[in-house]
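Take a look at the structure below.
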Number of protein chains: 2
Amino acid sequence: MKDISKELGISITTISFIVNKKAENKISKEVIKKVEDYIEKVGYKPNSSAQSLRTGKSKSIVFMVEDISDPFFSAIAKQMEEIAFRNGYNIIYCSTENDRERTLELISLFKDRQVDAFIITPPENFEKDLKNLIYEEHQTVMVFDRYFKNFKHNYVILENFEGAQKAVTGFYESGRRNIAFIGIHSELSPLVERHEGYLNSIGAYNLAAYELFLKFNEVKTPAGMSAIRNFLKGNPGIDSILFATNNLAITGLRVMREKKIKIPEDLAIISFDERDVFELYSPPISVIAQPISELAKELINGTLEILASKKEKKYFFTKALPGELIVRESLRPVKKLSSNP
Amino acid sequence: MKDISKELGISITTISFIVNKKAENKISKEVIKKVEDYIEKVGYKPNSSAQSLRTGKSKSIVFMVEDISDPFFSAIAKQMEEIAFRNGYNIIYCSTENDRERTLELISLFKDRQVDAFIITPPENFEKDLKNLIYEEHQTVMVFDRYFKNFKHNYVILENFEGAQKAVTGFYESGRRNIAFIGIHSELSPLVERHEGYLNSIGAYNLAAYELFLKFNEVKTPAGMSAIRNFLKGNPGIDSILFATNNLAITGLRVMREKKIKIPEDLAIISFDERDVFELYSPPISVIAQPISELAKELINGTLEILASKKEKKYFFTKALPGELIVRESLRPVKKLSSNP
DNA sequence: GCTGTTTAGTAAAACGTTTTACTAAACCGT
DNA sequence: ACGGTTTAGTAAAACGTTTTACTAAACAGC
């Protein structure tokens with residue numbers, strides 16, 4: 001294309017300067033005008049492979065999540081895409097399936113493709129790989145939804161501890177005193193912190209803890225359902241359940257429907273993470289909702305910021321955003337409460 | 001990297017042949033072995049920008065849908081990603097927002113990025129742009145979810161007409177005789193054909209038609225709800241509703257919940273497109289489900305096939321897959337049926 | 001009118017591949 | 001032992017940019 005542009009009798013260098021807006025102090029107004037008009041006329045667009053080859057930058061960012069068809073992740077993805085696009089970046093999504101090998105393969109693929117940054121929700125057992133990626137391979141990486149204490153990195157997460165506290169407080173204020181927690185056996189920070197937040201609040205109110213942990217891969221399965229079934233049978237006294245993830249809650253709801261357990265009379269329910277089915281369910285289910293737009297904005301703006309200031313890089317971008325307890329029918333008080341002025 | 005490889009004392013050309021598996025008939029076993037071992041040792045991977053620059057191919061495919069956070073599209077995306085990855089391609093997703101301008105911008109961006117193919121659900125009023133993209137710009141394009149009669153193109157779609165027929169038959173066999181259709185005012189082929197299928201079956205059974213069409217952008221809004229409210233009020237005789245899309249059905253369900261309409265006693269419901277909320281709803285909602293896996297497979301395999309056989313290109317890849325009526329509680333018969341041996 | 005500096009612009013190398021056209025050596029048949 | 005063919009390999013151009021280092025012309029100061 002530059003060759004064609006050279007039909008103007010102007011050097012390729014000059015064209016390049018003009019295209020890249022580096023021309024202000026070097027090139028005369030008239031030449032700039034002439035070139036810009038011509039570019040406009042023929043609709044020239046630089047070849048991005050060549051740019052990428054030359055500069056080593058591809059103007060693309062990869063967003064790796066556990067499962068891109070999860071509504072939470074796809075909602076984030078969509079909002080980031082919008083902002084990235086306006087900044088001349090595009091976003092490539094992919095699913096790790098929470099599998100370490102696969103994640104490594106994907107990272108290797110995208111490194112070869114010269115992506116400028118990784119926004120990633122690392123799978124289980126990925127701590128050393130992640131550290132390596134950041135500190136040995138010197139990639140720009142933004143960690144999403146979880147973080148690691150053992151080394152510094154950029155991240156954007158939810159205030160999971162506080163979120164769980166809000167849920168327990170919600171139960172407590174609606175009159176529940178036997179509050180259960182159903183979680184997942186995992187070392188991932190959100191799962192750990194949601195549990196810790198629960199324990200902390202339970203302790204503060206001086207209540208007994210009731211806990212069930214499923215295995216990660218049995219959440220959506222019959223095995224998960226029967227674990228919950230047994231848990232309910234073994235703990236008939238509980239009057240409320242906090243589910244640590246939305247998939248967990250959905251499995252729980254299946255069990256309750258099957259057992260004809262009444263919500264909120266028999267059991268009050270709060271789930272982490274909003275999902276359209278919760279609002280539409282009968283009764284509507286209360287949730288600790290993540291601030292999707294804000295998360296998406298922080299993620300992409302933070303990443304772009306890091307990319308822009310790549311010289312210094314002495315600081316880390318870290319952000320924890322609060323979740324919001326959305327009270328719905330599933331949390332309606334059923335006992336009389338002590339009057340509240 | 002090739003320079004480094006040249007430390008073996010072997011020409012860059014030879015390395016390239018070996019890397020690209022073009023070496024079989026040209027280069028001696030020993031040299032191949034030596035080079036492959038060295039590559040393995042140092043972990044060499046070709047720079048894809050350079051490859052892309054040289055060959056004009058990027059090994060990436062863009063998947064443009066109305067809204068990537070729609071569970072239907074994101075499920076398709078996820079399955080395609082898997083297959084594409086195994087074939088050395090990666091997929092870039094983006095959302096058109098059903099907006100023509102935005103779609104054109106995105107297409108322009110991705111053309112510059114040298115994507116090898118577009119898999120696209122074109123927005124409203126995109127017919128000429130699409131035709132142009134295929135016939136003037138000679139891009140490889142696979143159209144998804146809709147098609148155009150006026151020119152030949154590759155597509156993968158659902159059998160929408162037959163799907164609507166199955167729904168009407170389902171209602172009929174469950175004893176309903178006043179079957180309504182709630183659709184969207186649109187020229188997009190699925191919406192048109194679902195409606196035509198409905199009319200066709202209604203006609204075959206000699207029943208009256210009850211129809212409501214919302215505007216595309218009011219589906220998820222209060223305006224949509226009140227349109228449905230009025231429709232129900234104006235047509236008290238109807239005993240069943242076929243919703244042309246899942247979002248439409250969700251809006252409808254909100255109205256019914258608010259009006260305390262009993263499903264399936266007062267109104268039987270079938271919606272197009274599966275969605276987790278339908279199965280979990282009380283009562284569970286019957287649907288015409290799209291065969292997600294098959295659609296994803298046909299889409300990506302079809303696209304890869306076209307890409308592989310780019311020389312000929314004399315044929316078009318066209319596929320219409322049947323939907324399946326999944327019968328749930330919302331379709332339970334309530335009247336006595338004439339006995340059925 | 002000479003030197004030094006700014007202005008406006010350009011030549012050419014480099015990024016890392018692929019691919020065409022070439023060659024030197026070995027082999028083959030007579 | 002000669003020309004012809006195969007074998008095993010290579011040199012160099014090309015893909016379309018960016019960027020460094022350069023220059024010719026104009027100008028300024030004295």
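Here is the naming used below: chain letters follow the sequence lines, and residue numbers restart at 1 for every chain.
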Checking all strands, does B:T13 fall into the base, sugar-phosphate, or nothing category for heavy-atom contacts under 4.0 angstrom?
base

Just to confirm, is there a sub-4.0 Å distance from OP1 or OP2 of D:dG9 to any side-chain nitrogen or oxygen of B:S28?
yes

Measure NZ/A:K57 against P/D:dG16 and give the value in whole Å, please.
24 Å

So, does B:K45 get its side chain near the phosphate of C:dG16, meaning an N or O under 4.0 Å from OP1 or OP2?
no

May I have the distance from B:K29 (atom NZ) to D:dG9 (atom C1'), rounded to whole angstrom?
16 Å

Expressed in angstrom and rounded to an integer, what is the separation of A:I18 atom CD1 from C:dA8 atom P?
13 Å

Is there a side-chain contact between A:N20 and the phosphate of D:dT18, meaning an N or O under 4.0 Å from OP1 or OP2?
yes

Reading DNA chain D from 5' onward, which residue's closest nucleotide shows up sooner: A:K26 or B:V31?
B:V31

Closest non-hydrogen atom pair between B:N154 and B:F317, with its separation:
OD1-N, 2.8 Å

Please state how far atom CD1 in A:I12 lies from atom C1' in D:dA21, giving the value in whole angstrom units.
17 Å

Sequence-distant partners of A:S186, side-chain contact (heavy atoms from CB on, under 4.5 Å), two or more places apart
A:E124, A:I184, A:L188, A:L191

Determine whether B:K128 and B:E136 satisfy the following criterion, salt bridge (charged side-chain N to carboxylate O under 4.0 Å, His left out), listing intermediate values before the conclusion.
CA-CA 11 Å; B:K128 325 94 221 146; B:E136 304 302 323; over 6 Å; no

Given that B:T55 and B:I27 both sit by DNA chain D, which one's nearest nucleotide is further toward the 5' end?
B:I27

Measure from CD1 on B:I10 to P on D:dA11 and round the result to the nearest Å.
12 Å

Figure out the CD/C1' separation between B:Q51 and C:dT19, and round it to whole Å.
14 Å

Ignoring hydrogens and geometry beyond distance, is a side-chain donor-acceptor pair present between B:E81 and B:Y93 at under 3.5 Å?
yes

Cation-pi between B:R102 and A:F85: NZ/CZ under 6.0 Å from ring centre and within 45° of the ring axis?
yes

Roughly how many Å is it from CD1 in A:I32 to C1' in C:dG9, rounded to a whole number?
12 Å

Is any NZ, NE, NH1 or NH2 atom of the basic residue among B:K33 and B:D37 found under 4.0 Å from an Asp or Glu carboxylate oxygen of the other?
yes

The side chain of A:F17 lies closest to which of these nucleotides: C:dT18, C:dA11, D:dT19?
D:dT19

Do B:S108 and A:K45 get their side chains close enough for a donor-acceptor pair, meaning under 3.5 Å?
yes

Closest nucleotide of DNA chain C for B:T14 versus for B:L53: which of these residues is on the 5' side?
B:L53

Please report how far the helix from C:dG1-D:dC30 to C:dT30-D:dA1 bends, comparing the axis fitted to its first five pairs with the axis fitted to its last five, to the nearest 10 degrees.
50°

Please state how far atom CZ in B:R54 lies from atom C1' in D:dA14, giving the value in whole angstrom units.
5 Å

